[in-house]
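Labels below follow one simple rule: chain letters A, B, ... track the order of the sequence lines, proteins then strands, and each chain is numbered from 1.
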Amino acid sequence: MPHVLFNRFSRDDFCCISSALVAAAAPPSNPNPVKCLDKCSSMAELKQLHSQIIRLGLSSDNDVMGRAIKICALSKSGDLDSVLPNNFTFPSLVRACCIDNWVVEGKQIHAHVVKFGFLNDGFSQNNLLYMYVSFGLLEEARRVFDKMPRRDVVSWTTLISGYSQLGLVNDAYDVFRSMPDRNSATWNAMIAAYVQHNRFHEAFALFNEMRTENVELDRYVIASMLSACTKVGALEQGEWIHGYIKKNEIKMDTKLATTIIDMYCKCGCLEKAFEVFNELPSKGISTWNCMIGGFAMHGRGEVAIELFKAMERETAAPDNITFLNVLSACAHSGLVETGRHYFKHMTEVHGLEPRMEHYGCMVDLFGRAGLLEEARKLVEEEMSMEADAGVLGALVGACKIHGNIELGEKFGKRLVELDPDNSGRYVLLANLYATAGKWDDVAKIRRLMNDRGVKKAPGFSVIEMEGMVSEFIAGGRAHPESREIYSKLDEVLERIRSLGYVPDTDGVLQDIDEEEKENPLNHHSEKLAIAFGLLKTKSGQTIRITKNLRVCRDCHQASKLISKAFDREIIVRDRNRFHHFKNGECSCNEF
DNA sequence: TTAGGGTTAG
């Protein structure tokens with residue numbers, strides 16, 4: 001084999017070469033083989049030294065073996081001819097290329113697979129296929145696939161995830177339907193494809209089909225479905241799956257446990273999440289992070305901090321994400337001093353340098369608390385990097401809340417230019433102008449958006465009942481019971497009017513709301529979902545809704561009043577956090 | 001020895 005390969009793949013070469021050398025090893029003769037390595041001048045001598053290295057128990061010492069391999073690969077007398085690849089050689093070399101995207105080397109190895117005649121080896125071929133998929137080179141992957149003399153279920157499944165990774169979910173589905181045999185991994189690859197691309201209906205449908213066909217539901221499928229439940233906030237389905245895990249004694253590893261905890265957190269069941277968390281015998285960093293983030297999201301900042309302290313006590317070293325969640329917990333609960341403390345703490349005690357995201361959290365923390373000058377200083381003077389759109393977004397958002405038009409305009413303009421395809425940025429700036437009554441500027445932003453062809457993300461709300469997930473868009477009438485829903489909504493609005501509800505039709509504010517402007521305020525997706533919830537649940541039952549955007553001001557006010565008028569707890573998860581509406585109040589305290 | 005699952009601010 002040419003040396004060019006061996007200059008970079010020392011770990012795999014190590015395995016190859018060392019096993020070949022072991023086979024050829026001679027009895028020991030030299031007292032200090034390690035020192036002699038650097039002076040070694042022939043392969044025969046090296047073989048002798050290697051056998052001593054093994055006897056001295058140094059064969060897994062990277063430094064020692066690295067020197068030995070270097071002699072084989074690079075010295076004049078070095079020789080790799082003893083080394084012949086077998087069917088274990090190429091898969092590991094190929095995988096090594098995947099780690100750091102070594103495309104050129106990967107292609108070289110591909111050539112060697114052909115040259116050494118491993119075209120018929122399924123493992124080598126499947127790994128090549130996987131390699132091209134991981135590079136995102138689907139055409140190459142497809143070429144490998146098409147040329148394979150025998151394709152097994154692994155080849156087909158790899159191709160499915162290849163299409164999925166590039167967002168070609170329909171192509172993935174065509175592959176799924178056309179393949180001869182499927183196993184759990186195949187079904188899961190397809191389900192995961194749907195979940196990753198937010199096509200939940202199809203994911204749930206495929207899961208049901210899988211159950212009808214009695215395919216084994218292993219922990220991978222279970223995890224994918226939990227993730228689907230998490231994304232849409234489908235608590236009942238999630239609970240069913242959790243029950244299934246217990247009943248069928250599916251092995252609960254850290255990853256799966258974390259997925260369950262995350263599902264309960266994001267479906268609004270913090271207590272249940274904490275219960276699972278506490279019952280876990282061993283927790284990974286992700287598990288802690290997830291639980292801390294869960295408390296943060298629900299506005300339980302103090303509890304999140306207590307949990308973080310427990311994490312430190314239990315010697316689980318926090319990482320960047322831990323601090324992201326800790327700082328966000330502080331921001332959501334207005335714990336400015338605590339946030340300041342932990343921002344320092346992460347570097348001073350744990351040696352973690354703040355990243356862009358951490359600055360974003362700090363800007364958010366200061367901004368929400370009204371410390372706009374401090375937030376600005378952080379962005380303009382103290383950050384060690386140029387603020388990205390996320391950080392600026394937090395700052396402009398704070399300016400909007402506290403009515404600082406001047407500062408907000410300055411950074412808002414920068415923000416729009418920095419992230420010109422993101423409709424949310426325009427909406428934010430326009431909203432800022434609207435709060436100051438600067439309608440001309442609002443109109444200017446709207447025109448800019450139109451000129452650039454930037455579309456607002458369509459808003460939707462999801463409610464799950466009896467295992468059925470129903471989705472609503474503003475003004476939508478696609479639901480089979482839409483007539484009943486609208487008439488229920490009229491009744492609801494009538495009732496809260498008597499409690500003093502006045503639609504927040506603050507002129508243009510409505511026009512630039514995140515939900516589609518064509519639809520009247522009172523037909524926002526969230527109100528439709530609540531009406532449907534009231535229609536379908538028993539009195540006293542909690543109504544849970546998930547939104548893809550933020551709750552608008554009018555819906556927020558209406559939800560509070562509905563919770564009072566109908567004596568219901570309404571839990572809404574929006575893009576950023578949870579709102580627990582009860583007795584006319586909301587847990588977010590108007591943040 | 002090969003495919004499929006988890007945590008990430010606003």
Side-chain angles (χ1 to χ4, degrees), chain A residues 12 15 86-95 98 121-131 133-134 152-162 164 182-193 195-196 218-228 230 253-263 265-266 283-294 296-297 319-332 339 354-365 367-368 388-398 415 424-425 428 550 575-577 591:
Chain A
D12 300 290
C15 303
N86 61 19
N87 53 330
F88 290 88
T89 309
F90 291 112
S92 55
L93 280 173
V94 163
R95 305 301 283 200
C98 297
D121 177 55
F123 283 98
S124 297
Q125 291 298 313
N126 280 340
N127 276 289
L128 278 176
L129 177 60
Y130 177 86
M131 178 185 82
V133 162
S134 84
D152 59 16
V153 65
V154 177
S155 331
W156 288 92
T157 306
T158 308
L159 196 62
I160 289 176
S161 60
S164 165
R182 306 183 190 102
N183 62 16
S184 297
T186 321
W187 283 85
N188 181 47
M190 196 59 233
I191 289 175
V195 176
Q196 276 150 22
D218 62 14
R219 63 200 157 111
Y220 294 100
V221 180
I222 292 296
S224 294
M225 287 314 297
L226 279 170
S227 166
T230 306
D253 60 11
T254 312
K255 276 188 171 187
L256 188 56
T258 306
T259 315
I260 296 170
I261 292 169
D262 190 43
M263 182 275 292
C265 284
K266 297 213 171 104
K283 304 168 178 75
I285 293 189
S286 303
T287 325
W288 286 96
N289 289 353
C290 195
M291 199 63 239
I292 293 171
M297 208 185 329
D319 65 2
N320 284 305
I321 296 170
T322 318
F323 280 100
L324 208 53
N325 289 345
V326 166
L327 296 178
S328 117
C330 297
H332 280 295
R355 296 186 182 183
M356 189 69 82
E357 297 91 322
H358 300 105
Y359 285 113
C361 278
M362 289 309 285
V363 169
D364 188 43
L365 172 79
R368 280 174 196 272
D388 72 354
V391 176
L392 292 185
L395 183 55
V396 179
L415 175 61
R425 312 300 187 196
L428 182 58
R550 298 203 59 172
R575 204 178 52 196
N576 295 331
R577 60 167 298 147
F591 256 145

K.L.:
Would you check if A:Thr258 and A:Asn289 make a side-chain contact, meaning some heavy-atom pair closer than 4.5 Å?
P.N.:
no

K.L.:
Quick one: A:Phe88 CZ to B:dT2 P, roughly how many Å, whole number?
P.N.:
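Spelled out: CZ on A:Phe88 to P on B:dT2 is 10 Å.
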
K.L.:
Tell me: CD1 of A:Ile292 to P of B:dT7, nearest whole Å?
P.N.:
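Answer to the nearest Å: 15 Å.
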
K.L.:
Over all strands shown, is A:Ser155 touching base, sugar-phosphate only, or nothing at heavy-atom distances under 4.0 angstrom?
P.N.:
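Nothing, no nucleic acid heavy atom in range.
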
K.L.:
So what does A:Thr258 hit on the nucleic acid, given a heavy-atom distance under 4.0 Å: a base, only sugar-phosphate, or nothing?
P.N.:
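Contact class for A:Thr258: base.
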
K.L.:
Nearest of B:dA3, B:dT7, B:dG5 to any side-chain atom of A:Val153?
P.N.:
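Nearest nucleotide to the side chain: B:dA3.
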
K.L.:
Contact class for A:Ile260 vs. all strands (heavy atom < 4.0 Å): base, sugar-phosphate, or nothing?
P.N.:
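Here A:Ile260 touches no strand at all.
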
K.L.:
Report yes or no: is the ring centroid of A:Tyr130 under 5.5 Å from the six-membered base ring centroid of B:dT2, with the two planes under 30 degrees?
P.N.:
no

K.L.:
With hydrogens left out and only the distance checked, is there a donor-acceptor pair under 3.5 Å joining A:Ser286's side chain and the base of B:dG6?
P.N.:
yes

K.L.:
Using a 4.0 Å heavy-atom cut-off, does A:Gly397 contact any base of the nucleic acid, only the sugar-phosphate backbone, or nothing at all?
P.N.:
nothing

K.L.:
A:Asn87 side chain: which of B:dG6, B:dT1, B:dT8 is closest?
P.N.:
B:dT1

K.L.:
Quick one: does any side-chain atom of A:Asn127 pair with a main-chain N or O of A:Tyr130 as donor and acceptor, under 3.5 Å?
P.N.:
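A pair under 3.5 Å: no.
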
K.L.:
Please confirm whether any donor atom in the side chain of A:Asn289 sits under 3.5 Å from an acceptor in the base of B:dT7, or the reverse.
P.N.:
yes

K.L.:
The side chain of A:Asp262 is closest to which nucleotide in this list: B:dT1, B:dT7, B:dA9?
P.N.:
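Of all the options, the side chain of A:Asp262 is nearest to B:dT7.
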
K.L.:
Side chains of A:Leu428 and A:Arg425, heavy atoms from C-beta outward: is any pair under 4.5 Å?
P.N.:
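A:Leu428 vs A:Arg425: side chains apart.
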
K.L.:
Determine the contact category for A:Ala185: base if any of its heavy atoms lies under 4.0 Å from a base atom, sugar-phosphate if only primed atoms, P, OP1 or OP2 are that close, otherwise nothing.
P.N.:
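Here A:Ala185 touches the bases of the nucleic acid.
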
K.L.:
Would you indicate which nucleotide in B:dT8, B:dG4, B:dA3 comes nearest to any side-chain atom of A:Tyr220?
P.N.:
B:dG4

K.L.:
Nearest to the A:Val221 side chain among B:dT2, B:dT8, B:dG4, which nucleotide is it?
P.N.:
B:dG4

K.L.:
Between the base of B:dG4 and the side chain of A:Asp218, is there a donor and acceptor pair under 3.5 angstrom?
P.N.:
yes

K.L.:
When you check the phosphate oxygens OP1 and OP2 of B:dA3, does a side-chain N or O of A:Arg95 lie under 4.0 Å from one of them?
P.N.:
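Yes, within the criterion.
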
K.L.:
Indicate yes or no: at least one non-hydrogen side-chain atom of A:Ser328 is less than 4.5 angstrom from one of A:Asp364.
P.N.:
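Counting from C-beta outward, A:Ser328 and A:Asp364 never come under 4.5 Å.
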
K.L.:
Which residues pass the ring pair (Phe, Tyr, Trp, His ring centres under 6.0 Å) test with A:Tyr359, not counting sequence neighbours?
P.N.:
A:Phe343

K.L.:
Remember a base hit wins even if backbone is also touched, and classify A:Lys283 as base, sugar-phosphate or nothing at under 4.0 Å, heavy atoms.
P.N.:
nothing

K.L.:
Looking only at the side chain of A:Thr157 (C-beta and beyond, no hydrogens), which of the listed nucleotides B:dT7, B:dA3, B:dT2 gets closest?
P.N.:
B:dA3

K.L.:
With heavy-atom distances below 4.5 Å as the criterion, would you say the side chains of A:Thr158 and A:Asn126 are in contact?
P.N.:
no

K.L.:
Less than 4.0 angstrom between a side-chain N/O of A:Gln196 and OP1 or OP2 of B:dG4, yes or no?
P.N.:
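The answer is no; no side-chain N or O of A:Gln196 sits under 4.0 Å from OP1 or OP2.
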
K.L.:
Under 4.0 Å: is that the gap between some side-chain N or O of A:Lys266 and OP1 or OP2 of B:dG6?
P.N.:
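False: A:Lys266 side-chain N/O out of range (4.0 Å or more) of B:dG6 OP1/OP2.
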
K.L.:
Can you tell which of B:dG4, B:dA3, B:dT2 lies closest to the side chain of A:Asp152?
P.N.:
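In terms of side-chain proximity for A:Asp152, the closest of B:dG4, B:dA3, B:dT2 is B:dT2.
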
K.L.:
Select one nucleotide: of B:dT1, B:dA3, B:dG5, the one nearest the side-chain heavy atoms of A:Asn183.
P.N.:
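Among B:dT1, B:dA3, B:dG5, the one nearest the side chain of A:Asn183 is B:dA3.
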
K.L.:
Tell me: CD1 of A:Ile321 to P of B:dG6, nearest whole Å?
P.N.:
13 Å

